Structure formats: structure tokens, C-alpha cells
Amino acid sequence: MSIPPIQPFLWGTATASYQIEGAVCEDGRAPSIWDTFSHTPHKIERSETGDIACDHYHRHIEDIELMRHLGVQAYRFSISWSRILPTGKGKENAPGFDFYNRLVDDLLAAGITPFVTLFHWDLPQTLQDQGGFASRDISGWFSDYAVKTTERLGDRVANWIMLNEPSVFAFLGHATGVHAPGIADLKTFFATTHHLNLAQGAALQALRSNNASWKLGTTLNIHRGVAADGSEDSTRMAERHNDLWNASFLEPLLSGTYPARILPEVEPYIRAGDLKLIRQPIDFLGVNHYFRAYIQAKPDALIGYEQVAPPPPLPRTSFEWEINPGEFRDLLLELRERYQCPPIYITENGAYFDDVLSEDGKVHDANRIAFLDGYIKAMQEARERGVDIRGYFVWSLLDNFEWASGYRPTFGLVKVDFNTQRRIPKDSYYWYRDLIRQQCA
Ligand code: FCB
């Protein structure tokens, strides 16, 4: 069954600065927490780093060509904060801005609308040294950076995404410690959760007053947790997971409150006026979705539980992530039911499968095509049932540095040979190109 045309709608792909740019020491860029973390022994599989990554900093023209041939109307990328403000605040680094100026100009020349994420986890190391997101000061640091960036690029960029997946950044970076900055401390985790919301609110407010025509939003990773076993403890922990992962970011932004069950843990960090500042109107909500989380109580874990692999026989990606398009449709429907939800963009969805380069020099990734087909159809069902979805971005354009897992997990529509930097479009690239053509005919 083919996917009937959805109009008006933006089809796109997404990437993030540290995962693709490389050139980490060039043109005045200073280290981010991901440079520090990836150069710390035993943090990343096979000790890989983003030092070179996809070398996109030097190859953005080729990558835009790939997108032009793909036919996408939009591209979501993020800014490396320490490339444009090496110390995180104060003095600007002109060559850093030059890169993003060129990128934006070249995208527009190719007819591709930029969606720019201001923070996709690569905090300048100097700011981490001053407390990072555990400090309330991050609110001012982030909004100043947001103002400077939008002042420089906002004459050509209309769509601004404040944060990428604050829950993942808070959780993996500050509770389990498997991502930068590698902290595992409950108080820091709750402080970070609140300060992410606060920084986002301050930036939204500042940008809104600077230019009312910008489209401002943020991107949340939404996945629902279910108990992995029938126990009462795991059921309670699945609720806790939904509070911590989803509701701690959705509710302050859209309803002006924290979920009641976790309020006592965040309360020590809330000051008068914070909740009002956090509840800023947004023009769109970015939703990233990958899987449903299976939660098992684990009393000795910092947050009281752990996420475990889905039970058999559910199909999974090579990351052991459950493949379940119906769950995607249902959570989109639930978002509409529960919240006064602004228009939604699916700012990330995609899959890691172990790709094989065939003897014919191609990558026949039928599994990725089936995944995307299923999820896009599910999104369309949600749309037909009244969820206002305006666009869909495949994660990712290119195979890239997948954080603590290094280069092993391949999510791209385009394979990257990391020895030669050769780009090889996979079958899924041509499938997506044809889908876009048919949609836009
Ligand atoms: C998301 C991240 C993105 C990428 C995908 C696979 O959580 O936003 O950078 O790692 O997962």
C-alpha cells in the first residue's frame, strides 16, 4: 500500500553537530563536553571520538548535494555552541559563524529550509567547568547564546529548536552517566532537569521579543515506558519513568506544572517565577521517537529502575529497540488528548540496522525501508485522526558518531566509509527520494 500524499508537509532529514562535523580544533572552536568525554578512556566503544566524524565541516557542499538529490524540503541540524562562542559566553568566534552562514546560504540556494537546533548536547566545556546545567546560571548563558546565534542567522533561518531531547541529556548525562558529562548523581539530575526547562524558557522569551515572526519550538524525545514484568514494583517504576522522561518536560512547558509524583524531588531547585518563565508559548513541538521502553524495578539503581530489552518475539532493530509503529501512532494520539499541543514536527525517527555493503557496491537495507514505511504510515494515521503534524525528519542523513556507541550503529540513509569519507546512498535513500517525489507530485 502506498502512502497517500499529505499536504502541506515538510519532508526532511536530521543531524547534529558533534555527530557529523569533525574539525574539532579548527578555526577557533573550543572543546565541548563531548570532546572531553570521548577522549576519556572507556567511555566510548572502541575509544572512538567525533574528532573527524563525517568531516561535514569540510564537506557540507557535498552533503547538501545529497539532500538536493534526495529532494528533501527541510534539514534539521544543530549548532556547535563552542564553535561560535568558544568560552560559552562573551566573545564571538567569527570563523565559527562563517561556517553556519555558508551552510544556511547553501541550503537556501538548494531550496532546503533550515531547522536549527541550538543545543544538541555539546555544551562548551568551560561552562561545564562552571557547573553546567547543574547551575542556574545556565539559563542566562543559554539565552545569551541563543540571542547571539539568532541575531546572526535569523535573517535567513525562521525555525528554531531550543533543545534536543532534554530528558536524554539529563538522564544519560547526569543519572546513568553513560553520556557526557558523565555524572551519576540524583541531585544533579533533578537540578539539571529543572535548569533545562528554565534555560529553554528564558531563551524562548528572549527570542520571541526579538522577532515575532520566528517559529520557535523545542524537541522532546517521547517514548512511553511499560513494565517489563508483571510485578507491582516494575509497574510503579514504569510510571516513574513516564514522569521523569516525558512529563517532566511536557508538563512544565505545556501546562506550567511538574508531575505531582516527582514534584518533591524537583522542588528544591524551583524558585518563585520559574514555572511562569518555563511555560512559554511555542509554535511547534518537535517529537523524536524511537521505541517503547521496558522498565524493570532495580532498587539499587540511582533512579530505582533500569531499562531492559523488549521481550521476544517482538521485532527489534540492531539496537534491540522494539519495532512498533502502532505505539508511535498511539503516543501521538495521546499527546493530542492530554495536552494543549501546538503543531508537531517529527524531528527524528529512524533505525540502526547492521548494513552490509554488497558485492554490487550498494547497501540493500530493506529492513530500514520497512521500518520507515511502517512509521510514516503510523504518523499518517495519527494525522488522519486529528493530530496536527507538519513534517517528518529521518534520523539520519548520514551514518555518524552515535554517542557512547561510536560509529558502530548506522542510522544513515547514506552510508559513510569512515576510512575514505566516501558517501554511498543506501536503498532507503532512493526509497525516501521516491516517497517525497510521489508526495509532492
Ligand atoms: C537520539 C539523538 C540523536 C541520535 C538518535 C539515534 O536520541 O537525538 O542524536 O543519537 O537518538
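Just follow the structure's listing: the first ligand is 1, and inside any ligand the first atom is 1. One-based numbering along the sequence shown. Keep in mind that this is a model prediction, so the values were computed, not measured.
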Practice item. Check whether any N or O atom of His120, backbone or side chain, sits under 3.5 Å from an N or O atom of ligand 1, and answer yes or no. Key: yes
Review point. Between Trp121 and ligand 1, does any nitrogen or oxygen pair lie at a separation below 3.5 Å?
Key: no
Review point. If every non-hydrogen atom of Ala16 is compared with every non-hydrogen atom of Trp395, which pair is closest and at what distance?
Key: N-CH2, 3.7 Å
Practice item. Inspect the contact between Glu48 and Arg408 and indicate whether a charged nitrogen and a carboxylate oxygen are less than 4.0 angstrom apart. Key: no
Review point. Would you call Glu322 and Arg316 a salt bridge, taking side-chain N to carboxylate O under 4.0 Å as the test?
Key: no
Review point. Using heavy atoms and a threshold below 4.0 Å, how should the contact between Val168 and ligand 1 be classified: side chain, backbone, both, or neither?
Key: neither
Which of the numbered atoms in ligand 1 are below 4.0 angstrom from a heavy atom of [X]?
X	answer
Phe411	6 (C)
Gln19	3 (C), 4 (C), 9 (O), 10 (O)
Asn164	8 (O)
Trp403	3 (C), 4 (C), 9 (O), 10 (O)

Practice item. Would you mind checking which non-hydrogen protein atom is closest to atom 11 (O) of ligand 1, with the distance to 0.1 Å? Key: Tyr290 CE1, 3.6 Å
Review point. Which of the listed options, Glu402, Glu165, His289, Glu348, holds the heavy atom that is closest to atom 3 (C) of ligand 1?
Key: Glu348
Taking the ring of [Y] and the ring of [X], is the distance between their centroids below 6.0 Å?
X	Y	result
His60	Phe99	yes
Trp121	Tyr18	no
Phe119	Phe133	yes

Exercise for review: Would you please name every residue forming a salt bridge (charged side-chain N to carboxylate O under 4.0 Å, His left out) with Asp144, sequence neighbours left out?
Suggested key: none
